[in-house]
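Inspection log for the structure reproduced underneath, given as structure tokens.
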Amino acid sequence: YRCFAEVNWLVPDIKGEADRSRLSAVERLVKPLYYRQGVIDGTQYRYRKYSLGIEQERGLDCHYVNLRLLIEIQKVIEK
């Protein structure tokens, strides 16, 4: 099975402009989330970065880092 999940980290704008230094810092902090695999309750899973980008949200006067993850359920282990 495959699905996508999107995670967003909002960074408020400063005087109407993107806070590039904080956005870059958030991107660096997100890197450990790029790939992971494991087993939960007997189910093997893996997820990986599908895309990463910076977007603007005009209604909230902020920009955000958007991480899109591809999640794969690899094997359900019967108990």
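- Once rounded to the nearest 0.5 Å, the distance linking CG of Leu67 with CH2 of Trp9 reads 5.0 Å.
- Pro32 approaches Arg36 most closely through the heavy-atom pair O-NH2, 3.6 Å.
- Residue Tyr50 is found in a hydrophobic cluster whose other members, listed by chain and number, are Phe4, Leu70; membership requires side-chain heavy atoms under 4.5 Å apart, directly or through intermediates.
- Residue Leu23 comes nearest to Val65 through the heavy atom pair O-CG2, 3.8 Å, listed as atom of the first residue, atom of the second, then distance.
- Residues Leu69 and Leu33 share a closest heavy-atom pair of CD2-O, 3.8 Å.
- Within the model, atoms CD of Glu55 and CG of Leu10 stand 12.0 Å from one another, a figure rounded to the nearest 0.5 Å.
- Considering every non-hydrogen atom in both Pro12 and Cys62, the closest pair reads CA-CB, 3.8 Å.
- Linking ILVMFWY residues whenever their side-chain heavy atoms come closer than 4.5 Å, directly or via other members, places Leu52 and Val7 in the same cluster.
- Atom OH of Tyr45 is separated from atom CD of Gln74 by 10.0 Å, given to the nearest 0.5 angstrom.
- Every pair passing side-chain hydrogen bond (donor to acceptor under 3.5 Å, both in side chains) that includes a residue from residues 61-73 is listed here, sequence neighbours excluded: Arg2-Glu72, Glu6-Asn66, Asn8-Asn66, Asp13-His63, Arg46-Glu72.
- Not counting sequence neighbours, the partners of Gln37 by the side chain to side chain donor-acceptor pair (under 3.5 Å) test are Tyr35.
- To the nearest 0.5 Å, the span separating CD on Glu27 from CD1 on Ile54 amounts to 4.0 Å.
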